[in-house]
Amino acid sequence: MPSALITGITGQDGLYLAELLLEKGYDVHGLIRGQNNPRRELVSTLVPDVQLHNGDLTDLSSLMRAMRDSEPDEVYNLGAISFVAYSWENAFITSDVTATGVLNMLEAVRLHAGDDADRVRFYQASSSEMFGKVQEVPQTERTLLWPRSPYGVSKVYGHYMTINYRESYGMHASSGILFNHESPRRGPEFVTRKISQAVARIHLGHQETIALGNLDAERDWGYAGDYVEAMWRMLQQDEADDYVIATGETHSIRDFLDLAFAHVAIDDWSSYVVQDPRFMRPAEVDRLVGDASKARDKLGWTPTVTFPELVAMMVDADIAAVKAGW
């Protein structure tokens, strides 16, 4: 039975990945920060077969203990402070966790592996936010990185550190440059889930309006359940590499609003949406769209959920949640 350690097990990707690996017969371990983490119960409920270990990406000794106790064949580093807007409010903590945390995890894996550097395979969750002020459309693995937030800068550091450990120590270390991926498990602070929750509540008479920032930002949105499959496929390759994971389609916030409101039979959403300057980014990333042809050709990966299906899935899940009193 192969063993895997997942950091960021409490996030949407960590939960979907844990489910995928358990289905494949893995012994799955998760790193969780703090004994009283409010999401510990969620993990225990959704994936009760996962063994949890206390640890912190800013504390190398705790990562070494987690490596020792889990003895993983594969490590998936999904842990980060991933809400972009927060990264301007606290750039230091974002950098400490999202950037230096990658270095700590790589070092823990390297030290644990000892003389057999590639016996533990490592996945780093890189991000399309690294492209920032995009230098070409669509973006590929070779596109110049130009991050426009402390979060994006932190992800660039972790991305290049992963490449450096691969080239310096011969580690099987791969990065997935994942474009925006959503699901009903997305945190409510993210714009897609903020919209799906609001639409559900407006539909059921529990809310009147929703306040948003830039409605013209364009993103390449896919389904998180599809994207964790790509992560796993990367670590099954003979050689480590970096891959863009994306749908190749771009849609605006307005497009998301159109589909979400139309799903509850509201054709004109203009009276329900208020633009609020507080939600504007200091430096906007206007348009992201990825070219995942390398992942398609080398990993055999393609997305299975379309953009309209994703929006409908999220709205339906939030309607059910509101009705259940969640």
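All values below come from the heavy atoms of this structure, side chains included, with hydrogens, waters and symmetry mates left out. Please read all numbers here as calculations on a predicted model, not as lab measurements.
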K.L.:
Within a reach of under 6.0 Å around NZ of Lys133, are more than 12 heavy atoms found that belong to other residues, nucleotides or ligands?
P.N.:
no

K.L.:
When you group the ILVMFWY residues by side-chain heavy-atom contacts below 4.5 Å and let the links chain together, are Ile81 and Tyr76 in the same group?
P.N.:
no

K.L.:
Using the benzene-type ring in the case of Trp, are the ring centres of Trp221 and Phe256 under 6.0 Å apart?
P.N.:
yes

K.L.:
Evaluate whether atom CD of Gln135 has more than 12 neighbouring non-hydrogen atoms of other residues, nucleotides or ligands under 6.0 angstrom away.
P.N.:
yes

K.L.:
Is the distance between the ring centroids of Tyr227 and Trp301 less than 6.0 Å?
P.N.:
yes

K.L.:
Which residues pass the side-chain contact (heavy atoms from CB on, under 4.5 Å) test with Leu215, sequence neighbours left out?
P.N.:
Leu212, Ile253, Arg254, Leu257, Trp269, Val273, Gln275

K.L.:
Given side chains that start at C-beta, do those of Trp146 and Met130 come closer than 4.5 Å, heavy atoms only?
P.N.:
no

K.L.:
Any side-chain heavy atom of Thr100 within less than 4.5 Å of one from Ser95?
P.N.:
no

K.L.:
Rounded at 0.5 Å granularity, tell me how far OG in Ser196 sits from CD in Glu182.
P.N.:
9.0 Å

K.L.:
Is the OH atom of Tyr157 crowded by more than 12 outside heavy atoms at less than 6.0 Å?
P.N.:
yes

K.L.:
Answer whether the closest heavy-atom distance between the side chains of Ser149 and Trp88 falls below 4.5 Å.
P.N.:
yes

K.L.:
Would you please indicate yes or no on a ring centroid separation below 6.0 angstrom for Tyr16 and Tyr223?
P.N.:
yes

K.L.:
Could you tell me the separation between the CZ atom of Arg233 and the OH atom of Tyr123, rounded to the nearest 0.5 Å?
P.N.:
14.0 Å

K.L.:
For residues Arg219 and Phe179, determine if any side-chain heavy atom of one lies less than 4.5 Å from a side-chain heavy atom of the other.
P.N.:
no

